[in-house]
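Below is one structure; the comments refer to it alone.
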Amino acid sequence: MNLILFGPPAAGKGTQAKRLVDGRGMIQLSTGDMLRAAIASKSELGQKVEGILQRGELVSDAIVVALIEERLPETEAAAGAIFDGFPRTVAQAQALDTMLAGRGKKIDLVIRLKVDDAELMKRIAGRFAESGRADDNPESFKVRLDAYNTQTAPLLPYYQGQGKLVEVDGMASVEEVAAQIDKALAAAVS
């Protein structure tokens with residue numbers, strides 16, 4: 001099964017993806033994790049990505065698509081993929097559909113974690129105070145959240161038109177969100 005967890009930064013996608021990895025043997029493809037690993041590597045790409053994220057901008061489609069494509073073989077050897085933070089644009093969604101179709105695969109389900117932007121800003125301020133992660137800086141986070149809301153809005157009708165979109169209350173407790181996701185997965189399999 002190939003699943004997209006859709007929602008803004010700090011919506012809880014990573015928490016739910018980890019649960020699915022542990023419980024179902026899926027592979028999480030988190031663009032955030034991949035980009036942080038590139039930064040940590042101090043490579044030329046990592047330095048470029050670091051500057052982009054510190055300015056609160058989104059990384060180009062070409063960079064993100066290449067990172068995802070590199071990891072697809074490992075998802076095929078597992079129970080499937082959880083795309084976390086990707087796609088963010090219709091162009092990325094189309095590139096993903098093309099990549100998967102070329103491998104005889106498809107996106108089976110898209111789960112949107114619906115959240116409140118003001119609550120997200122509170123979450124991120126707390127997370128920044130705890131971890132000090134550069135991409136959790138409240139000022140750059142607001143830019144990322146605005147970019148997410150603007151650029152990813154067209155993805156809702158894109159996946160809804162394919163009959164793959166399920167919405168979950170991302171403001172509920174972690175357990176309640178997990179239960180809603182499990183219910184959506186069970187329905188998609190049947």
Side-chain angles (χ1 to χ4, degrees), residues 1-9 11-41 43-46 48-49 52-53 58-113 135 144 147-148 151-168 170 177-178 180-190:
M1 166 160 298
N2 289 311
L3 164 71
I4 296 172
L5 285 179
F6 186 62
K13 296 182 306 290
T15 299
Q16 293 302 325
K18 181 177 180 349
R19 185 184 67 80
L20 293 169
V21 166
D22 293 344
R24 295 179 182 257
M26 299 173 82
I27 302 289
Q28 178 186 10
L29 298 181
S30 164
T31 53
D33 289 348
M34 287 185 234
L35 294 170
R36 281 187 288 279
I39 291 168
S41 75
S43 66
E44 185 178 331
L45 175 63
K48 183 177 179 180
V49 167
I52 292 167
L53 293 180
L58 294 178
V59 177
S60 75
D61 287 353
I63 292 171
V64 176
V65 168
L67 288 170
I68 292 290
E69 190 164 24
E70 194 174 82
R71 300 275 312 273
L72 287 179
E74 86 184 77
T75 69
E76 293 166 354
I82 304 162
F83 296 92
D84 168 2
F86 178 86
R88 289 188 191 269
T89 64
V90 171
Q92 287 181 359
Q94 291 167 337
L96 178 60
D97 286 347
T98 300
M99 277 190 291
L100 291 174
R103 303 173 87 84
K105 307 288 182 190
K106 65 182 172 72
I107 293 299
D108 298 293
L109 184 64
V110 178
I111 296 178
R112 177 185 182 211
L113 299 178
D135 58 330
R144 287 172 55 220
Y148 170 85
Q151 294 180 7
T152 59
L155 285 171
L156 295 174
Y158 179 81
Y159 285 115
Q160 194 165 29
Q162 295 178 10
K164 297 177 180 178
L165 181 66
V166 174
E167 295 188 339
V168 167
V177 172
Q180 291 177 59
I181 289 172
D182 288 345
K183 182 178 177 184
L185 288 170
V189 171
S190 62

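The model shown is predicted, which means the values in this text are computed figures rather than measured ones.
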### Message
Test side chain to side chain contact (heavy atoms under 4.5 Å, CB included) on Arg24 and Asp182; report intermediate values, then the result.
### Response
CA-CA 11 Å; Arg24 295 179 182 257; Asp182 288 345; 3.6 Å; yes
Looking at [Y], is its backbone amide N or carbonyl O close enough to the side chain of [X] to form a donor-acceptor pair, meaning the two atoms are under 3.5 Å apart?
| X | Y | answer |
| --- | --- | --- |
| Lys13 | Pro8 | yes |
| Thr152 | Leu155 | no |
| Asp108 | Asn2 | yes |

Do you know which two heavy atoms are closest between [X] and [Y], and how far apart they sit?
| X | Y | answer |
| --- | --- | --- |
| Arg103 | Pro73 | NH2-CG, 3.3 Å |
| Leu156 | Leu165 | O-CD2, 3.8 Å |
| Ala78 | Gly25 | CB-O, 3.5 Å |
| Ile4 | Pro87 | CD1-CD, 3.5 Å |
| Val21 | Met26 | CG2-O, 3.4 Å |
| Thr75 | Ala81 | CG2-CB, 3.6 Å |

Taking the side chain as every heavy atom from C-beta outward, state whether [X] and [Y] have any pair of such atoms under 4.5 Å apart.
| X | Y | value |
| --- | --- | --- |
| Ile39 | Leu53 | yes |
| Tyr158 | Val110 | no |
| Thr15 | Val177 | no |
| Phe86 | Leu29 | no |
| Arg88 | Val59 | no |
| Arg19 | Ile82 | no |
| Asp97 | Gln162 | yes |

Hey, could you give me the [atom1]/[atom2] distance between [X] and [Y], rounded to the nearest 0.5 Å?
| X | Y | atom1 | atom2 | value |
| --- | --- | --- | --- | --- |
| Thr89 | Gln151 | OG1 | CD | 7.0 Å |
| Met1 | Lys106 | CE | NZ | 7.5 Å |
| Glu167 | Leu113 | CD | CG | 10.0 Å |
| Gln16 | Leu3 | CD | CG | 10.5 Å |

Side-chain donor/acceptor pairs under 3.5 Å, residues 62-72, sequence neighbours excluded:
unit_1, atom_1, unit_2, atom_2, d
Arg71, NE, Glu74, OE1, 2.7
Arg71, NH2, Glu74, OE2, 3.2

Discussion item. Under 4.0 Å between a side-chain nitrogen and a carboxylate oxygen: does that hold for Lys18 and Asp84?
Written reply: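 Result for this pair is no, no salt bridge flagged.
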Note to self: Between Glu76 and Lys105, does any NZ, NE, NH1 or NH2 come within less than 4.0 Å of an OD or OE carboxylate oxygen?
What the structure shows: no
Leu35 vs Leu45, side chain to side chain contact (heavy atoms under 4.5 Å, CB included): CA-CA, chis, key distance, verdict: CA-CA 9 Å; Leu35 294 170; Leu45 175 63; over 6 Å; no
*asked:* Is it the case that over 12 heavy atoms from other parts of the model lie below 6.0 angstrom from the NZ atom of Lys48?
replied: no
- Set of side-chain hydrogen bond (donor to acceptor under 3.5 Å, both in side chains) partners for Gln160, sequence neighbours left out: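 So Gln160 forms no side-chain hydrogen bond (donor to acceptor under 3.5 Å, both in side chains) with any residue.
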